[in-house]
Amino acid sequence: MLDPKFLRENIDLVRKGIARKKFQVDLDAVLAADEARRHAVAEFEVARSAQNAANKEMAALPKGSPEFQAKVVEMKTASAKVKELEKKVSEVEEQMKAVALSVPNIPHDSVPEGRTEADNQVVATWGDPAQLVSAAAKAHWDIAWFNKAIDFERGVKVTGAGFPFYVGDMARLVRALIQYFLEEAGSNGYTEVTRPLMVNAASATATGQLPDKEGQMYHAQTDDFYMIPTAEVPVTNFFRDEILDEASLPMKRCGYTPCFRREAGSWGAHVRGLNRLHQFDKVELVKWVHPDQSFAELELLRGDAERLLQKLNLPYRVLLICAGDIGFSHSKQYDLEVWAGGQKRWLEVSSCSNFTDFQARRAGIRFRPRMGNPSSSTPSTALASACRAFWRRSSRTTCSPTAPCASPRPCVAGTVRKPCRSKVALGWQGRVVGYVCFVSPALPSLPCSARNRCGLAAFSAGRTFTDGTYWVAVSGGADSVYLLLALWADETLRPRLRVLHFNHRVRGEAA
RNA sequence: GGAGAGGUGGCAGAGUGGUCGAUUGCACCUGACUUGAAAUCAGGCGAGCCGCAAGGCUCCGAGGGUUCGAAUCCCUCCCUCUCCGCCA
């Protein structure tokens, strides 16, 4: 869903973008609906404001007095008018929503022109198929042992076509690949989540499966749940209708799920064997990033996805999808295709996309800017990028202070600031879990009162780094909080405390 | 599955028809005091949308209804908790 304001103010840009995508959308109808909506809202708000004011006056009158009674009669008409306007507002908003949802995301300038997949550009290749893959390679359905290791027939008996069993070493291979992908992602800064495999209608709507693609999902009708067609659905919906702190961006999550697709309408040779199944396994990566960073983040994701294939020594090519072939909600998309020697063709194994604010808006995921005047720091819509890729290891020095924990305010190491009052509140989710007092710049100590108050288990032995910072990990405690603190002294030998990293750990996890 | 209780600002918890967008406490922010803390004191402090601003609108689980007026009364749904039963 595009920002109505953006649409209004950049109508030609949107028109051009839609034309590049070869979509047919009546933008004038959208503009008209938007105009009608804004008009109706303004009208309603004026009337409601008058009603509110009159009601307040009325409340001050003695109840049952003639003036009061007269006011009641007078207010009846005003009330009826407000109700009428309110009804109209919800009607035009409904209309606006309906037409706005029909507008696709616009392609990025770097997306090439084109109509079909034949127009996609190969932007990179890696590995020589002739060298890495035998010319005599067979398709998997022609390999006898393969057909024992993947049991289609019993899958058909137990469930139906497209639900094979993986047996023995093949089952272990599947498990190993999932494990490998997750471990790579985890070591590259993604937080792993396990997730529901069934979602409600609201979630399926937020990520765009409903209402249009309902036929692609399995539907448990008794409880009105949908089997997820991709991990993107539960992982993205994690933050649905929430406002994130800018400091928490980029937020990176990964998750493994089986995916379930009815594949209605799929047929023919290209679905043979393992090429298309009703249930398959996928490791998904989702990032919520700052709007200014989203295209740079996309490039990083693509690089990381490529690195994974390189580590597996699989020859592949990278396609930049053309405007005519790109998805409805995508702004830019790369596909990674691996050379399948047996089938003698390239097969898509990964897709990296930037949705800009399109999907985040639909899902109601926003962020609150960190800087600036509080009164003007209205939330903006965050960007969601989803792809299967991996993230660079983050360096120690890039830890960012998170909102609830820092007092004094985080400062740049080495700069001299107002002396610390040596009262430092460490909070998690709004709760203070500890006051930490340092009586000596070199040797931090924890007063008994603080121990009692916060239940912190212990300070570990600190480490002094060459830049003069003293690092102390504080772990444990009733709230299972893990803190990494840095301490240093200025010329007055006043203690300085700076929270460099603040991270919530699950109880029992090693700090 | 049966019975009961309840969903209010970061948390706790008042509020049962109008001056309530909401008492109070905790937490948080600013300042005073202090060698530094703790304690204490003074002030501030929910969120979203529109607007340059002034200001306006919306939000007390969700949706409907009653009323001039709803956090408050009625209906439906969702969710949570407790007890009993049943079952991994």
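Protein chains get the first letters and strands the later ones, always in sequence-line order, with residue 1 at the start of each.
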Expressed as a whole number of Å, how far does the P atom of B:G10 sit from that of B:G61?
13 Å
Across all strands shown, which nucleotide pairs with B:C81 by Watson-Crick or G-U wobble geometry, both distances under 3.5 Å?
B:G4
By side chain to side chain donor-acceptor pair (under 3.5 Å), which residues pair with A:Asp151, not counting sequence neighbours?
A:Arg154
Please check: side-chain N/O of A:Asn10 versus main-chain N/O of A:Phe6, any donor-acceptor pairing under 3.5 Å?
yes
Apply salt bridge (charged side-chain N to carboxylate O under 4.0 Å, His left out) to A:Glu35 and list each qualifying residue two or more places apart in sequence or on a separate chain.
A:Arg38
Say you pick atom C1' in B:A70 and the same atom in B:C60; how far apart are they, in whole Å?
11 Å
Between A:Lys21 (side chain only) and A:Phe328 (backbone N and O only), is there a donor and an acceptor less than 3.5 Å apart?
yes
Among B:G51, B:G18, B:G48, the one nearest any side-chain atom of A:Lys5 is B:G51
With sequence neighbours left out, which residue pairs that include part of residues 151-178 of chain A fulfil the ring pair (Phe, Tyr, Trp, His ring centres under 6.0 Å) condition?
A:Phe163-A:His278
I'd like to know if the side chain of A:Asp26 and the backbone of A:Asp28 have a donor-acceptor N/O pair within less than 3.5 Å.
yes
Qualifying residues under side chain to side chain contact (heavy atoms under 4.5 Å, CB included), relative to A:Ala42, sequence neighbours excluded:
none
What interatomic distance, in whole Å, is found between C1' of B:A27 and the corresponding atom of B:G46?
14 Å
Reckon A:Arg37 has a side-chain N or O less than 4.0 Å from the OP1 or OP2 of B:C49?
no
Could you tell me how far apart A:Leu61 (CG) and B:G69 (P) are, to the nearest whole angstrom?
16 Å
Check: residues 97-109 of chain A side-chain donor-acceptor pairs under 3.5 Å, at least two apart:
{"from": "A:Ser102", "atom 1": "OG", "to": "A:Val99", "atom 2": "O", "distance (Å)": "2.5"}
{"from": "A:Asn105", "atom 1": "ND2", "to": "A:Ser329", "atom 2": "O", "distance (Å)": "3.1"}
{"from": "A:Asn105", "atom 1": "ND2", "to": "A:Phe355", "atom 2": "O", "distance (Å)": "3.1"}
{"from": "A:Asn105", "atom 1": "ND2", "to": "A:Thr356", "atom 2": "OG1", "distance (Å)": "3.0"}
{"from": "A:His108", "atom 1": "ND1", "to": "A:Ser110", "atom 2": "N", "distance (Å)": "3.3"}
{"from": "A:His108", "atom 1": "ND1", "to": "A:Ser110", "atom 2": "OG", "distance (Å)": "2.7"}

Taking atom C1' in both B:C45 and B:G31, what distance in whole Å separates the two?
15 Å
Scanning all shown strands, the Watson-Crick or wobble mate of B:C57 with both distances under 3.5 Å is B:G48
In the strands shown, is B:U76 matched to any nucleotide by a Watson-Crick or G-U wobble pair with both distances under 3.5 Å, and which?
B:A62
Rounded to whole Å, the CZ-C1' distance (A:Arg240 to B:A62) equals 13 Å
Nearest heavy atom decides the nucleotide; on that basis, is A:Ala59 or A:Val72 closer to the 5' end of RNA chain B?
A:Ala59
For atom C1', what is the distance between B:U24 and B:U8, given to the nearest Å?
14 Å
Does anything in residues 79-89 of chain A come within less than 4.0 Å of RNA chain B? Heavy atoms only, and list the residues if so.
A:Ser79, A:Lys83
Atom CD of A:Glu93 and atom C1' of B:C49: how far apart are they, to the nearest Å?
11 Å
Starting at CE of A:Met75 and ending at C1' of B:G69, how long is that distance when rounded to a whole Å?
7 Å
Just wondering, are more than 12 heavy atoms of other shown residues or ligands nearer than 6.0 Å to CD in A:Glu84?
no
I'd like the P distance from B:C68 over to B:C49, given in whole Å.
34 Å
Between atom CD1 in A:Ile365 and atom C1' in B:G48, what is the gap in whole Å?
17 Å
Who does B:U67 pair with, Watson-Crick or G-U, both distances under 3.5 Å?
none
Please report the distance, rounded to the nearest Å, between CD in A:Glu242 and P in B:G48.
13 Å
With sequence neighbours excluded, tell me which residues meet side chain to side chain donor-acceptor pair (under 3.5 Å) with A:Asp224.
A:His219
Same-atom distance (P) from B:G51 to B:G18, integer angstrom
35 Å
Taking atom C1' in both B:A32 and B:C59, compute the distance separating them and give it to the nearest angstrom.
38 Å
Report the residues that fulfil side chain to side chain donor-acceptor pair (under 3.5 Å) with A:Ser65, sequence neighbours left out, ordered by chain and then residue number.
A:Glu67
Hits for side chain to side chain donor-acceptor pair (under 3.5 Å) against A:Arg362, two or more places apart or cross-chain, chain-then-number order -> none
Paired with B:U40 by Watson-Crick or G-U wobble geometry, both distances under 3.5 Å: which nucleotide is it?
B:A32
A:Asp241 atom CG is separated from B:G48 atom C1', nearest whole Å, by 12 Å
Short heteroatom pairs, N/O only, protein and nucleotides 70-75 of chain B, under 3.5 Å:
none

In Watson-Crick or G-U wobble terms, with both distances under 3.5 Å, the base opposite B:C87 is none
How close or far is atom P of B:A47 from atom CZ of A:Arg366, stated in whole angstroms?
13 Å
Extract from the structure each pairing of a protein N or O with an N or O of nucleotides 57-60 of chain B at less than 3.5 Å, listing the distance.
{"from": "B:C57", "atom 1": "OP1", "to": "A:Ser49", "atom 2": "OG", "distance (Å)": "3.4"}
{"from": "B:C57", "atom 1": "OP1", "to": "A:Asn52", "atom 2": "ND2", "distance (Å)": "3.1"}
{"from": "B:C57", "atom 1": "O2'", "to": "A:Glu45", "atom 2": "OE2", "distance (Å)": "3.3"}
{"from": "B:U58", "atom 1": "OP1", "to": "A:Arg48", "atom 2": "NH1", "distance (Å)": "2.3"}

Got a second to check how far A:Leu177's CG is from A:Leu173's CG, nearest 0.5 Å?
4.5 Å
Contact class for A:Gln51 vs. all strands (heavy atom < 4.0 Å): base, sugar-phosphate, or nothing?
sugar-phosphate
Per-pair distances, 0.1 Å, donor-acceptor, side chain in residues 70-82 of chain A, under 3.5 Å, sequence neighbours excluded:
{"from": "A:Thr77", "atom 1": "OG1", "to": "A:Glu74", "atom 2": "O", "distance (Å)": "2.8"}

